[in-house]
Amino acid sequence: MEHEVYVPFPVGTVRQALTEPERVARCVPGVQLDAEAAPHRPEGRLRLRIGSSTITYRGSLTVSEPGDGADAAVTVEAKGTEARGDGAVALTLTVRLSPATEPGPGTTLSCAGTVHGDGRLAEATDRSAESAGRRLLDRFAENLTEDLRQRPVPDAGQAARPGVFDTEVPPPSLDPHSDEDAAEPAGTGDPADAAGPADTADALDDLVSEDRAPELRAEHAYGPEADAAAPAEAAHARRTMIGRSAEEVDHAPPRGRYAPVPAPESGGTSATLRWAAPAAAVVLASAVVVGRVLRRRR
């Protein structure tokens with residue numbers, strides 16, 4: 001059987017699409033692919049309508065890579081067995097691509113194939129089998145056109161460009177300062193940044209200057225001179241800690257500026273109430289005694 005179909009895409013795009021077995025298989029009308037199929041060898045079920053009957057086949061599809069020539073053909077082979085029966089079928093389809101101008105710029109697929117089968121397919125007439133094959137190729141071209149619109153084939157530049165996971169990552173260095181050393185080789189950079197031992201000593205001398213020396217050294221020195229130079233709170237705390245154990249020092253209440261602020265007293269009201277109760281008791285007792293004395297005289 002021979003048949004021609006039209007695809008509105010350039011020859012190179014269609015040729016590259018036909019070399020993808022998964023794309024070719026999903027463009028076949030009536031196919032249901034298995035998710036666990038091996039790469040570049042799709043497998044699944046195909047419902048084929050011939051005449052007034054429908055046959056379900058289960059099989060696989062392979063695509064042979066075309067040659068280097070511009071006229072090289074793509075060969076598609078499919079094999080399958082009936083899902084409900086003992087029949088089998090084998091298809092070999094050769095597809096040649098050529099530029100087309102009608103009905104528009106695109107590609108013409110010239111298909112020539114042979115089918116060998118038995119079972120229910122052998123019972124069909126040659127006319128119904130040929131009609132089913134032509135209808136299958138026409139719908140295949142329509143599905144291929146729609147698939148190319150939704151899933152364009154990658155360009156040659158994109159195919160040659162390495163992906164993110166294909167890029168080789170250099171191993172990290174064990175020296176944490178290796179990047180800084182590599183970024184600024186010896187003998188380059190600002191001369192002011194390359195400080196020698198003399199410059200380091202000068203910087204330390206500037207840091208501990210005469211006007212800051214008492215302030216920096218007083219907090220870490222001991223003796224009468226240090227007590228005189230340090231603030232009164234620090235000197236008092238240092239004197240109280242000398243000769244005491246670490247436990248006593250840890251549990252000693254803070255003094256000086258870190259001492260807790262006592263709660264303010266309630267004022268003169270509490271003192272007045274404190275003396276008012278005894279005075280009232282004395283006055284009451286005196287009144288009772290005076291009353292009894294007056295009664296006896298009467």
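Nothing fancy with the numbering, it's 1 onward along the sequence.
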Please give me the minimum heavy-atom distance between [X] and [Y], naming the atom from each residue.
| X | Y | result |
| --- | --- | --- |
| V24 | V28 | O-CG2, 3.3 Å |
| T108 | A100 | OG1-CB, 3.1 Å |
| A141 | V5 | CB-CB, 3.7 Å |
| A124 | I50 | CB-CG2, 3.6 Å |
| S60 | E43 | CB-CG, 3.7 Å |
| A25 | P42 | CB-CG, 3.6 Å |

- Message: Run the side-chain contact (heavy atoms from CB on, under 4.5 Å) test on L144 and F9 for me, step by step, so that the C-alpha distance in whole Å, both residues' side-chain angles and the decisive distance to 0.1 Å come before the verdict.
- Response: CA-CA 10 Å; L144 180 60; F9 282 91; over 6 Å; no

First locate atom [atom1] of [X], then atom [atom2] of [Y], and finally report the distance between them rounded to the nearest 0.5 Å.
| X | Y | atom1 | atom2 | value |
| --- | --- | --- | --- | --- |
| T56 | R84 | OG1 | CZ | 7.0 Å |
| R96 | E4 | CZ | CD | 12.5 Å |
| E77 | T62 | CD | OG1 | 4.5 Å |
| L121 | L48 | CG | CG | 7.5 Å |
| L93 | L137 | CG | CG | 6.0 Å |
| S128 | E123 | OG | CD | 11.0 Å |

- Query: Are V76 and Y6 in one and the same hydrophobic cluster, where Ile, Leu, Val, Met, Phe, Trp and Tyr link if side-chain heavy atoms are under 4.5 Å apart?
  - Reply: no

Between [Y] and [X], is there a side-chain heavy-atom distance shorter than 4.5 Å?
| X | Y | answer |
| --- | --- | --- |
| T13 | P10 | yes |
| V14 | L109 | yes |
| L136 | P29 | yes |
| R149 | P8 | yes |

- side-chain contact (heavy atoms from CB on, under 4.5 Å) evaluation trace for L18 with V95: CA-CA 9 Å; L18 292 179; V95 183; 4.1 Å; yes

- If only atom types and distance count, is the side chain of E82 paired as donor or acceptor with the main-chain N or O of R120 below 3.5 Å? yes

- Query: Just by modelled atom types, is the D34 backbone N or O under 3.5 Å from a matching donor or acceptor in the R45 side chain?
  - Reply: no

- Is it true that atom CZ of R58 has more than 12 heavy atoms of other residues, nucleotides or ligands lying nearer than 6.0 Å? yes

- Tell me the side-chain hydrogen bond (donor to acceptor under 3.5 Å, both in side chains) pairs involving residues 130-147, sequence neighbours left out? H3-R134, H3-D138, R23-D147, R26-D147, E130-R134, E146-Q150, D147-R151

- Working for side-chain contact (heavy atoms from CB on, under 4.5 Å), residues L91 and V89: CA-CA 7 Å; L91 168 67; V89 63; 5.6 Å; no

- Message: Apply side-chain contact (heavy atoms from CB on, under 4.5 Å) to residues R47 and Y57 and explain how you reach the verdict.
- Response: CA-CA 7 Å; R47 291 173 57 88; Y57 291 98; over 6 Å; no

